[in-house]
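Chain letters run A, B, ... following the sequence lines, proteins first and then strands; every chain starts at 1.
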Amino acid sequence: MRHWLLKSEPDEFSIDDLAAAKGRKVAWFGVRNYQARNYMRDEMQVGDPAFFYHSSCPEPGIAGIVEVSKAAFPDATQFDAASKYHDPKATRAAPRWFNVEVRLVEKTRLVPLAELRADPALATLRILQRGNRLSITPVEPAEWSRICRLAGSRAR
DNA sequence: GCCAACGTTGGC
DNA sequence: GCCAACGTTGGC
């Protein structure tokens, strides 16, 4: 089992949107980066926990905890000509983009980016590294525990 | 809106 | 396969 961090712009899809979704589940659609896709397609397993991170917003930070509820399958939006995630080079026979499904485990207090940065125990956290833009990154077990503690979560 | 950093594209 | 140009990300 591995731990992950998933970024989402709350204007697009927030933790409250996930809480309001049917079954509190959603396909993690719209990822159009090969490395992030490969994490979903090749490494994420059902039951893996992940932080839900709000990016590109007034208060960036960790907003909650989700878990992988379904292994990777083709991202439906790549086939949808009306979607901004449409990919004309993708076909149903040869999909390019995959997504897992995630389920909300717990909405936590918002742990601001500045608080993550200020914590020496999180110096190696991927999203804090210079130039990092990847929307899906692995989280080390010690980092996971530390952030759970900061967030006031019972999860470990 | 700025800008650093990075990924992708496409000509050669 | 190289690499310049371009587009995107995301914090500030």
How close or far is atom [atom2] of [N] from atom [atom1] of [X], stated in whole angstroms?
| X | N | atom1 | atom2 | value |
| --- | --- | --- | --- | --- |
| A/Arg133 | C/dT8 | CZ | P | 11 Å |
| A/Ile127 | C/dC12 | CD1 | P | 11 Å |
| A/His54 | C/dT9 | NE2 | C1' | 17 Å |
| A/Glu9 | C/dG11 | CD | C1' | 12 Å |
| A/Glu59 | C/dG11 | CD | C1' | 14 Å |
| A/Gln129 | C/dT9 | CD | P | 21 Å |
| A/Ile62 | C/dG10 | CD1 | C1' | 15 Å |
| A/Asn132 | C/dG10 | CG | P | 8 Å |

**OP:** Output the single nucleotide from B/dT8, C/dG10, C/dC12 whose closest atom is nearest the side chain of A/Tyr34.
**Re:**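 Selected nucleotide: B/dT8.
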**OP:** Evaluate the side-chain contact (heavy atoms from CB on, under 4.5 Å) criterion for residues A/Glu43 and A/Trp4: first the C-alpha distance (whole Å), next the side-chain angles of each, then the deciding distance (0.1 Å), finally the verdict.
**Re:** CA-CA 10 Å; A/Glu43 300 195 38; A/Trp4 305 94; 3.9 Å; yes
**OP:** Indicate whether OP1 or OP2 belonging to C/dG11 is found under 4.0 Å from a side-chain N or O atom of A/Tyr53.
**Re:**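 Yes, A/Tyr53 has a side-chain N/O under 4.0 Å of OP1/OP2 on C/dG11.
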Subject >> Under-4.0 Å side-chain N/O to phosphate OP1/OP2 contact, A/Lys7 with C/dT9 >> reply: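 No.
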Test: [X] and [Y] ion pair at under 4.0 Å:
| X | Y | answer |
| --- | --- | --- |
| A/Arg2 | A/Asp48 | no |
| A/Arg37 | A/Asp42 | no |
| A/Arg32 | A/Asp75 | yes |

